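In what follows, every heavy atom counts, from backbone to side chain, and hydrogens, waters and symmetry copies are set aside. Computed from a predicted model, the values in this text were never measured in an experiment.
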Amino acid sequence: QLEKQLLFLSLLCILSKVCAQLCRRPCYCPWVPPRCPRGSPLVLDGCGCCKICARRLGEPCDFLHVCDQSQGLVCDYSTAPAGTGGTCNFEDDEEGCEVNGRVYRDGEVFQPSCKLQCRCLDGGFTCIPLCQEDVRLPTPDCPYPRRVEVPGKCCPEWICEAQDQHLLRDARAASPVLPYPCQEWGTEWSACSATCGVGFATRVSNQNRFCRLETQRRLCIVRPCPALPAAFPAVS
């Protein structure tokens, strides 16, 4: 503690000498104040003597040439060599970030819910999902996959409906109106499978009466195929 106090006093002495050399009394200022660029207000210099144009973000600064404090700028000496000026930069926010009424430190990792993991960074936060958002396509062993919430688990899981639910499927087929709203989802149509002549394109979509993901196909033709040369017999 004694060493820290002595170091602090020595720094104060050095700063006071520097200020005494930079700040001269009485003040001698120009009669006409400088014309500042747009967005740079007139402020008092570091000695509180003359009016100068406040330095903006990224501009050089020092004890005399102060930054625009109305924009939250301070003179940052962290990246400047010793004995040189600094650069106007935003003041570091030591409070971290606030989420749902709770303040987290910069760099702290937290989970606002079981489905998200977030990290506080530079006054904001970034999050990544902890639950997989994969898509399960119908297969022969699982023709009707469905994503459901499992009691006691955070992330929903895919299940395969039992094959003996044909009565329920028949009832749904008889009525085109679903008992729940169907949010449409689908991929873009793929490229045609043939470069000439008739081919087919595929996509995955739930735009059907059951609102279930399925692979759909449609015919397509890019251009007609060129005719065969006369030397080759036509093959039927």
Under a 4.5 Å cut-off applied to non-hydrogen side-chain atoms, are [X] and [Y] in contact?
X: W189; Y: R218; value: yes
X: K51; Y: L44; value: yes
X: T215; Y: V204; value: yes
X: D45; Y: C50; value: yes
X: V74; Y: N89; value: no
X: C75; Y: C88; value: no

Can you name the residues that form a side-chain hydrogen bond (donor to acceptor under 3.5 Å, both in side chains) with [X], not counting sequence neighbours?
X: S190; answer: T202
X: R203; answer: Q216
X: R55; answer: none
X: W158; answer: D134

Thiol sulfurs of C114 and C154 closer than 2.5 Å: yes

pair check: C47 + C27, SG-SG < 2.5 Å: no

Any chance you could measure [X], atom [atom1], to [Y], atom [atom2], to the nearest 0.5 Å?
X: E149; Y: C155; atom1: CD; atom2: SG; answer: 8.5 Å
X: L42; Y: I52; atom1: CG; atom2: CD1; answer: 9.0 Å
X: Y77; Y: F63; atom1: OH; atom2: CZ; answer: 9.0 Å
X: L130; Y: L116; atom1: CG; atom2: CG; answer: 6.5 Å
X: Y28; Y: C49; atom1: OH; atom2: SG; answer: 10.0 Å
X: F110; Y: C120; atom1: CZ; atom2: SG; answer: 6.5 Å

Minimal non-hydrogen separation, A201 against C220, with atom names: N-SG, 3.8 Å

Stepwise disulfide bond (SG atoms under 2.5 Å apart) test for C61 and C67: CA-CA 7 Å; C61 57; C67 302; 3.7 Å; no

Donor-acceptor contact present, side-chain S193 to main-chain G199, <3.5 Å: no

More than 12 heavy atoms of other groups within 6.0 Å of Q69 CD: no

Qualifying salt bridge (charged side-chain N to carboxylate O under 4.0 Å, His left out) pairs, either residue in residues 59-81, two or more places apart: R56-E59

Set of side chain to side chain contact (heavy atoms under 4.5 Å, CB included) partners for I159, sequence neighbours left out: R146, V148

